[in-house]
Amino acid sequence: MRHETVDTLNRKADKAELGFWLYLMTDVIIFASLFATYLVLRNNTAGGPSAADLFEPRYAFVETLILLTSSFTCGIAAIAFKFGKKQLGLGLLMATIVLGTAFLTLELLEFGTLVREGHSWQASAFLSAFFTLVGTHGFHILIGLIWAAVTGGYIMSNGLTRNAVRKFTLFSLFWHFLDVVWIFLFTIVYLLGELS
Amino acid sequence: MIDFLLGRLSTEYFPSDPVTIGAAVGMPLTVVGLVALITYLKRWKWLWNNWLTSLDAKKIGVMYVIVAIIMLVRGVADAGMLRLQTALAAGDATGPFSTDTFQQVFTAHGTIMIFFVAMGLMFGLINVVMPLMIGARDMAFPFLNSISLWLFVAGMILVNTSLVFGGFSNGGWLGYPPLTELQYNPGPGVDYWIWSLQIAGIGSLLSGINFAVTIIKHRAPGMTWFKMPIFPWSVLVTSVLIMLAFPILTVTLALLSLDRTMGMHFFTSDLGGNAMMYINLIWAWGHPEVYILVLPAFGIYSEVVATFAKKALFGYKTMVYALIAIMFLSFVVWQHHFFTMGAGANVNAFFGIMTMVIAIPTGVKIFNWLFTMYRGRIRFRAPMVWFLAFVVTFTIGGVTGVMMAVPALDFQVHNSMFLVAHFHNTIIGGVVFGFFAAMTYWFPKIFGFRLNDRLGRYSAIAWQIGFIVAFMPLYALGLMGAVRRIDSYSDPTWQPFFITSGIGVLIIALGIGLFMLQIIYSVWKRKELRDTTGDPWDGRTLEWSVPSPAPHYNFAVQPVVTHRDEWWHRKKTHYQAPHKSEYRDVWLPKNSAVGLLIGLMACGAGFGIIWHLWWLVGLLALGIIVIIIIRTTKDDTEYLLTAEELLKEDRRAKGMAV
């Protein structure tokens, strides 16, 4: 079996965390490109409805609250795991998953309504950009939910090993990152949309 | 049901003209032949254990280089077809190829040369030597490294599949819409282009992260930033550029693909689409991309010139600052690729001036190399000849680049043969020559014997002469009004220039032939060319401190660095080899077939998207997710090499009694 020193384990965790941060920065560029695309195209409605006509900031505000709360439970879970409170941490992780799922459901419901009313991604460049930008965030949330479930399962079966905590740290970085992206989304798509 | 299972696969996509039929039959036959040969030689197990599943960066690097060289042959064959057509199709004459074939060929030529030759050679060489140069045992994430390799191979397979089935894009290497939109290009060609680049590009992105973390975290103790050789510096800067630029490519290709498959309107001509946004996005990636390619080559030249002039590199710190300056500036010049868009005089002036400014750090580097040679004891070995060819060729390319940085002049030569000549000047002269220099220079470190020097020099000279003959006429043609990508022309006075250029391609092909011959001849004579010292060129940096071929653990004892040219310093100060007691246990990555599996599945998924086989895409995407989950929840991915075993292996590698 393995006889690694604490030192090499720490180094490994360090490395993974740096690599993950760098990955997140590349994801920032992905979202930045999509935001830029959205801003360029948001008035290209091809005679159809604009952001002000379509979006309901209050609805998005509820989504925002749910996602922020999930980030909060995720943060507390990280602290719980750090202090070895496995059950509490797992419970909070479960709460994070439930809230994330609720967020995603709300988003999909919104998409469904738009498409049913004839405002699908094929209707105009503005709607293409909207669905792609918000959809990419939603897709990240989906990946995050799968990841959360896998990490939870890993902790349940392997206990709170160093490796498990490391995996959870990376997940929580990802989850908080998605939260930050959503803040920009909420501001640029929904709030500025109302102003235009 | 049939529609669901077969998507848009149909027999109408089988090739119909003789040239593509030849390729479509020849390629699968070559693959079958290779498989038969390996089976006959009973080498499958060896191939699987020693190469395909290996996580050793050096082996991954060699596999990259092999794939890239195969693709180089295809890319040059494409170039030959292009020049054959233009040499013949003057006035009323028609060339051997139809317009559509010609368009596919120039698209394939550009795509292959940039993504699967230049990028492949670059990643390969970085894998081979970067960890050795910084005194590291391996990459930071060896498993991720193998995923990168196999995604690269997946993209390569897709490009070549298009030759057999469906045809390739005819939209040029950057696939400008609206030509590449569904409306004008309903076939699978553009989708092949999109997905081969998308898959290989994700591999590149992962490599960028991997290299950066390796350099930040794995440098030998004592190797502070300003004691790190220039090649790793150039790799670090390139990695930052990859991390900042490749996501833009990912997004751009994804948006074009959404237009084509989901009926969106990002770049279409109707419903508010904006094709110029595509041009902006693709060049926001595309310009940094040319620096991504050339900076590692600059790093290689810095190592080569110092070694063969037997002098420390002149102006080391200015070299580093120049690299960093280029890193920033490469993001504020992209608009010079389309001054003619009509962004206005002020915007054009800004980008024009920035383009001239970026020539300054590049010029600084040229002078640094020249001053390194000044009063050095220069040995004209093959890598040095490649370097000298670079200085001449690249400088000419740089000068014509600065000419085109003037918007008023650019309006005259935009998208003309002048531009074609310019970027080949910089990419062949800068990137290709550098990678050939590197292959010759570091070959003994990986394979344990040198390459024949005379053939190497002949190859370099053939490339250099061929280059001049092939591309100088294109400058003239550009000024005479020839635009790029034409398959025929009415003015017969252009024909002599095109014929001359075609002859140049033949001379370049001779250069490649000589390079191949050099490898074959050297393998044959490998006993005489054996490198027993580990330091065949009297080198300066750490990779020459280990035996050749470099052992799989790289360094038996972790080196501690005190000087910039650490190995040179050790040779001058009677450095003592480490004592028995200094050997430590090391953990090394176990082989893994998961990277290969992910690559194959990504290739299949890409094929599925191209042909609208959505069930296949779904299955394989799910498969990839499951595999990644299994792999990441597995802890037992390394094996132990104990200090005693390490000592034994080290002594064996150094030819001492065990």
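So that the names make sense, note that chain A is the first sequence line, chain B the second, and so on, each numbered from 1. Here the structure is a predicted model, which is why all the values come from computation and not from measurement.
Ranked by heavy-atom pairs under 4.5 Å with chain A, the first of B:I209, B:L144, B:D585, B:I625 is B:I209. Your options are A:V40, A:L34, A:T37, and the one with the most heavy-atom pairs under 4.5 Å with chain B is A:T37. If you tally non-hydrogen atom pairs under 4.5 Å between each of A:T151, A:V150, A:V28 and chain B, the highest count goes to A:V150. Comparing B:V251, B:T252, B:T268 by how many heavy-atom pairs each has under 4.5 Å with chain A, the most go to B:V251. Top candidate by heavy-atom pairs under 4.5 Å with chain B, chosen from A:A125, A:G47, A:A46, is A:A125.
Side chain of A:W121 to backbone of B:M262: a donor-acceptor contact under 3.5 angstrom is found. A donor-acceptor distance shorter than 3.5 angstrom exists from the side chain of B:H265 to the backbone of A:Q122, with no hydrogens or angles considered. Counting only distance, with no hydrogens or angles, the side chain of B:K217 and the backbone of A:L18 share no donor-acceptor pair below 3.5 Å.
Contacts of B:F141 with chain A are made by side-chain atoms alone, with heavy-atom separations under 4.5 Å and no backbone atom involved. Of the atoms belonging to B:I248, heavy atoms from both backbone and side chain fall under 4.5 Å from chain A. When heavy atoms are compared at a cutoff of 4.5 Å, A:L41 approaches chain B solely by way of its side chain, counted from C-beta outward. Using a 4.5 Å cut-off between heavy atoms, B:I242 does not touch chain A at all. Of the atoms belonging to B:I629, it is side-chain heavy atoms, and not backbone ones, that fall under 4.5 Å from chain A. A:A123 touches chain B through its backbone: at least one of N, CA, C or O sits under 4.5 Å from a heavy atom, while the side chain does not. For A:Y154, the part lying near chain B is the side chain, with the backbone staying farther off; criterion is any non-hydrogen pair under 4.5 Å. In this structure, the portion of A:I146 lying under 4.5 Å from any heavy atom of chain B is its side chain and not its backbone.
The distance from atom OG of A:S33 to atom CG of B:L255, rounded to the nearest 0.5 Å, is 8.5 Å. Interatomic distance, CG of B:L206 versus CG of A:L22, reported as 12.0 Å (0.5 Å rounding). Interatomic distance, B:N274 CG to A:N44 CG, rounded to the nearest 0.5 Å: 6.5 Å.
Looking at heavy atoms from C-beta onward, B:F246 lies out of side-chain contact with A:T26 at the 4.5 angstrom threshold.
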